[in-house]
Amino acid sequence: MSATVPDGERGLSPAQAERRRRILDATVDLARSGGWDGVQMREVARASGVAIGTLYRYFPSKEFLLVSLMYEQVAGLADRLAVRPPEGTAPVDRVVDVLRRANRALLREPSVTETLIRALVTGGPSVAPVVAGVRDLMRRIVTDALEGGAGDGPEVDRTVSIDLLTDVWLASLVSWITGIEASEHLVDKLARAAGELLGR
C-alpha cells in the first residue's frame with residue numbers, strides 16, 4: 001500500500017479497500033458535522049473502527065486524508081459525467097455545464113467543501129502527489145467536455161487554458177469559503193472565464 005498513489009484503492013485487497021472506504025466515509029461525516037476542526041485523526045480512527053496506527057498507514061496526515069477525499073469526489077464526478085455526459089453543442093457550453101454540475105454538488109455540502117479546499121491550499125509538499133492527481137482529473141474532465149461533440153474542428157492543445165480555468169475555479173471556491181464571493185455568482189464567473197480562456 002502506498003500513501004502517495006492518488007488512486008488509493010489500486011493494489012489493495014478487498015478488506016483493505018473496504019477499510020479505506022470506511023475511513024473516507026467517516027471523514028465526510030466528521031467534516032459535515034464539525035468542519036475542519038471536526039476532522040481529528042483520532043476521531044476518524046474511532047468513527048471508522050480502525051486503530052490510529054492503521055489510519056496513519058493509509059493517510060499520513062489530516063491534509064493527506066482530506067485531499068485524498070477530494071480526489072475521490074472529483075473521480076466520482078468523472079464517473080457521473082461518463083454516464084450522463086455534459087450538455088451543450090458548443091465545447092465551452094459543455095465545460096460550463098460540467099462546472100455548474102460540480103459546483104452544485106460542492107455547494108450542497110458547504111462544510112465538507114470548505115474543509116477539503118482548506119486542506120488543498122494548506123497541505124504543503126507532502127500532499128503534492130494527491131493534489132497533482134486532483135488537477136489531472138479536473139484537466140481530464142474539462143478536456144473530455146471540450147472534445148465531447150462531433151464536428152468541433154481540429155483538435156487544439158488547450159492544456160494551458162484548461163489549467164488556468166481550473167486555477168480560476170479553485171480561486172473562486174476559496175473566495176466563496178472565505179465569504180468574499182457569493183455562491184450564486186460562482187457559475188457566472190466561471191462561465192465568463194471559460195469563454196475567455198477556451199473561446200466561444
Side-chain angles (χ1 to χ4, degrees), residues 1-12 16-17 19-28 30-31 35-45 48 50 52-79 81 95 98-99 102-103 105-106 109-146 157-178 180 186 190 193 197:
M1 170 175 34
S2 171
T4 62
V5 178
D7 182 5
E9 293 192 7
R10 187 171 56 207
L12 298 185
Q16 290 170 326
R19 190 177 302 124
R20 184 178 186 276
R21 173 53 41 203
R22 284 201 327 264
I23 291 168
L24 292 171
D25 290 346
T27 303
V28 171
L30 290 167
W36 175 265
D37 292 333
V39 180
Q40 300 298 324
M41 295 297 266
R42 287 200 176 279
E43 279 303 301
V44 173
S48 58
V50 303
I52 189 73
T54 301
L55 173 59
Y56 276 107
R57 279 197 300 277
Y58 283 83
F59 303 101
S61 69
K62 171 177 171 172
E63 290 80 10
F64 197 102
L65 169 60
L66 290 167
V67 176
S68 297
L69 178 59
M70 179 172 233
Y71 179 92
E72 296 281 327
Q73 294 199 342
V74 176
L77 172 65
D79 291 344
L81 288 167
V95 171
V98 166
L99 296 171
N103 281 344
L106 290 170
E109 296 270 22
S111 186
V112 175
T113 300
E114 178 180 346
T115 302
L116 298 181
I117 297 298
R118 202 166 152 185
L120 192 68
V121 298
T122 63
S126 65
V127 301
V130 190
V131 172
V134 171
R135 188 181 183 95
D136 288 347
L137 267 178
M138 291 171 70
R139 182 188 294 131
R140 191 188 88 207
I141 287 169
V142 174
T143 300
D144 287 351
L146 280 170
D157 185 358
R158 294 173 164 155
T159 303
V160 172
S161 296
I162 291 168
D163 285 349
L164 287 170
L165 180 60
T166 58
D167 289 345
V168 171
W169 188 7
L170 176 60
S172 297
L173 288 170
V174 171
S175 295
W176 167 63
I177 67 172
T178 55
I180 296 171
L186 290 182
L190 290 169
L197 291 167

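The model shown is predicted, which means the values in this text are computed figures rather than measured ones. In what follows, residues are counted from 1 in the order of the sequence shown.
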Does Ser161 use its side chain to pair, donor to acceptor, with the backbone of Leu197 at less than 3.5 Å?
-> yes

Side chain to side chain donor-acceptor pair (under 3.5 Å) against Glu43, all qualifying residues, sequence neighbours excluded = Arg46

Between Ala31 and Ser111, the two heavy atoms sitting closest are O-OG, 2.7 Å

Search all heavy atoms of Ala102 against all heavy atoms of Trp169 and return the closest pair with its distance.
-> CB-CZ2, 3.3 Å

How long is the span from the CG atom in Leu30 to the CG atom in Asp37, to the nearest 0.5 Å?
-> 12.0 Å

Spatial distance of atom CG (Leu69) from atom OG1 (Thr115) [nearest 0.5 Å] | 9.5 Å

CD1 on Ile177 to OG on Ser172, rounded to 0.5 Å = 11.5 Å

Check residues 59-66 and write down every donor-acceptor pair under 3.5 Å in which the side-chain atom is one partner and the other belongs to a residue at least two apart or another chain.
unit_1, atom_1, unit_2, atom_2, d
Ser61, OG, Phe64, N, 3.0
Lys62, NZ, Trp36, O, 2.7
Lys62, NZ, Val39, O, 3.0

Who are the side-chain contact (heavy atoms from CB on, under 4.5 Å) partners of Ala78, not counting sequence neighbours?
-> Arg140, Ile141

Of all the heavy-atom pairs spanning Ala45 and Leu55, show the shortest one and how long it is.
-> N-CD2, 3.9 Å

With rounding to the nearest 0.5 Å, note down the distance linking OG1 in Thr178 to CG in Leu173.
-> 10.5 Å

Side chain to side chain, Glu72 and Arg20, heavy atoms closer than 4.5 Å | yes

Would you please name every residue forming a salt bridge (Lys or Arg N to Asp or Glu O under 4.0 Å) with Asp163, sequence neighbours left out?
-> Arg135, Arg139

Is there side-chain contact between Leu170 and Met138, with at least one heavy-atom pair below 4.5 Å?
-> no

Less than 3.5 Å apart, which donor and acceptor atoms pair up between the side chains of residues 117-132 and the rest of the protein, not counting sequence neighbours?
unit_1, atom_1, unit_2, atom_2, d
Thr122, OG1, Arg118, O, 2.7

Atom CG of Leu165 and atom CG of Leu190: how far apart are they, to the nearest 0.5 Å?
-> 6.5 Å

Leu106 backbone acceptor or donor facing Thr113 side chain under 3.5 Å = yes

